[in-house]
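Structure first, then comments.
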2 protein chains.
Amino acid sequence: MELKEAKDKFIHTWGTLATQWGINRTMAQIHALLLLSSKSMNADEIMADLQISRGNVNMNLRDLMDWGLIYKQLLPGERKEYFIAEKDIWKVAKQIAKERRRREIGPLIEAMEDLKEGIQPDTAEKEEFLKIVNDISKVSVFADNTMTSLLKSDENWLINNFIKIFNK
Amino acid sequence: MELKEAKDKFIHTWGTLATQWGINRTMAQIHALLLLSSKSMNADEIMADLQISRGNVNMNLRDLMDWGLIYKQLLPGERKEYFIAEKDIWKVAKQIAKERRRREIGPLIEAMEDLKEGIQPDTAEKEEFLKIVNDISKVSVFADNTMTSLLKSDENWLINNFIKIFNK
DNA sequence: AAAAACTTTCAGAATATTTTGAAAATTCAA
DNA sequence: TTGAATTTTCAAAATATTCTGAAAGTTTTT
């Protein structure tokens with residue numbers, strides 16, 4: 001079956017790419033599976049579909065909720081918990097970008113601030129060191145602000161498309 | 001010694017953060033060491049400084065050169081190869097962003113194109129699938145273009161700072 | 001051409017991350 | 001309550017990644 005094949009390829013590809021960008025394979029595969037599923041799924045269905053253990057499913061569903069990529073759905077008359085993915089890909093991308101900003105840029109800014117505080121620029125050597133720390137600090141604050149701007153409102157999509165066009 | 005301590009903390013922190021964003025610890029530590037070093041260093045010096053093997057040093061120096069973060073320097077009268085880091089942090093950030101765009105977004109765009117080609121929208125199910133693939137395609141092309149715009153010229157730094165200010 | 005100085009490679013070892021699955025905890029219906 | 005259904009936890013096992021170090025490869029000097 002052609003569609004089934006394409007869906008499997010999608011799930012597999014999503015999982016492989018995810019490892020490239022620091023997200024674990026199974027989490028990405030569960031996400032892909034839910035993205036493609038028109039109805040919400042429970043843990044047993046996901047286990048059967050991806051052939052993975054209950055513990056693994058549970059843990060990664062939790063992480064996906066932390067990332068804001070899936071939602072828990074309680075179906076009336078059902079004991080089991082069901083999960084459904086955010087289908088608006090623009091929202092998905094925003095969530096991922098937001099989370100990565102938090103994880104990747106935040107700690108960097110903090111670490112540089114800590115280093116700045118510990119050192120006084122009383123020798124040339126120390127000044128040199130502080131120059132680098134300060135530069136990294138500036139660039140990471142800039143990156144953080146840029147991300148925030150891009151994410152703050154969907155209007156920025158438009159603004160940036162303009163910038164893109166003007167730079168062509 | 002206070003500065004030595006701060007430098008060690010910098011190297012250690014850089015290494016830890018790097019794992020968070022998909023780069024290996026040793027590569028980041030070598031990069032940090034070279035960033036802080038006013039003169040270029042050879043493999044033996046790096047081995048001694050970070051207490052790691054020759055093979056490890058060699059491999060990661062190679063990767064750092066691939067990333068465009070360090071340069072090889074041949075000193076007159078010296079047999080050994082010396083390495084020096086790019087000190088302009090804005091350039092460093094651009095290089096990292098460029099490389100990550102290439103590694104993270106490129107393959108995603110390709111994968112979605114492949115999936116699109118394999119499926120005809122002749123059933124509702126297939127249309128639904130193609131909708132998702134197309135949306136991901138669009139968002140990733142957008143992300144790619146945005147990155148490219150940001151990197152293309154340093155003027156974009158200014159433009160984005162304006163955007164940032166206007167959004168405050 | 002041989003030897004010395006240095007760099008690269010890569011199989012196996014060490015380390016780190018992910019996964020399993022069964023036990024413990026929780027929730028809910030009766 | 002009790003107990004069946006379901007979810008969560010976590011130590012041990014499986015897997016994946018990184019690192020080592022010695023052997024092989026290169027380049028330069030003599």
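In this structure, the CG atom of Asn60(B) is 13 Å from the P atom of dT9(C), given to the nearest Å. Here the P atom of nucleotide dT20(C) and the CD1 atom of Ile46(A) are 14 Å apart, to the nearest Å. Atom CZ in Arg79(B) sits about 12 Å away from atom P in dA4(C), given to the nearest Å. Note: CG (Leu74(A)) to P (dA29(C)) measures 12 Å, nearest angstrom. The CD atom of Glu78(B) sits 15 Å away from the C1' atom of dT7(C) (whole-angstrom rounding). Nucleotide dC6(C) holds its P atom 12 Å from the CD atom of Glu45(B), rounded to whole Å. Across the protein-nucleic acid pair, Asp63(A) atom CG and dT19(C) atom P stand 11 Å apart, rounded to whole Å. For the pair Asn42(B) CG and dT8(C) P, the interatomic distance rounds to 13 Å; values are reported in whole Å.
Contact annotation: the side chain of Asp114(A) never approaches that of Glu110(A) to less than 4.5 Å [non-hydrogen atoms, C-beta and beyond]. The shortest distance between side-chain heavy atoms of Leu64(A) and Phe83(A) does not fall below 4.5 Å.
Between Arg25(A) and Glu81(A), the residue anchored closer to the 5' end of DNA chain D is Glu81(A), taking for each the nucleotide with the nearest heavy atom.
For dT8(C), neither phosphate oxygen OP1 nor OP2 lies less than 4.0 angstrom from any side-chain nitrogen or oxygen of Arg54(B). Look at Asn58(B) and you'll find a side-chain N or O under 4.0 angstrom from OP1 or OP2 of dT8(C).
In this structure a side-chain-to-backbone donor-acceptor pair under 3.5 Å is present from Ser140(B) to Ile136(B). Side chain of Glu99(B) to main chain of Ile96(B): no donor-acceptor pair is present (N/O by atom type, distance under 3.5 Å, no hydrogens or angles).
Scanning both residues, Asn42(A) and Glu45(A), for their nearest heavy atoms gives OD1-N, 2.9 Å.
A nucleotide of DNA chain D counts as in contact with chain A when one of its atoms lies under 4.0 Å from a heavy atom; the first and last such, 5' to 3', are dA4(D) to dT9(D).
Between Trp21(A) and Trp14(A), the two ring planes are perpendicular [angle over 60°; tilted spans 30° to 60°].
A salt bridge links Glu113(A) with Lys116(A): the distance from a Lys NZ or Arg NE/NH1/NH2 to an Asp or Glu carboxylate oxygen falls below 4.0 Å.
Heavy atoms of Asn24(B) sit under 4.0 angstrom from primed sugar atoms or phosphate atoms, though from no base atom. Across all strands, Thr26(B) comes closer than 4.0 Å only to sugar-phosphate atoms, never to a base (heavy-atom distances).
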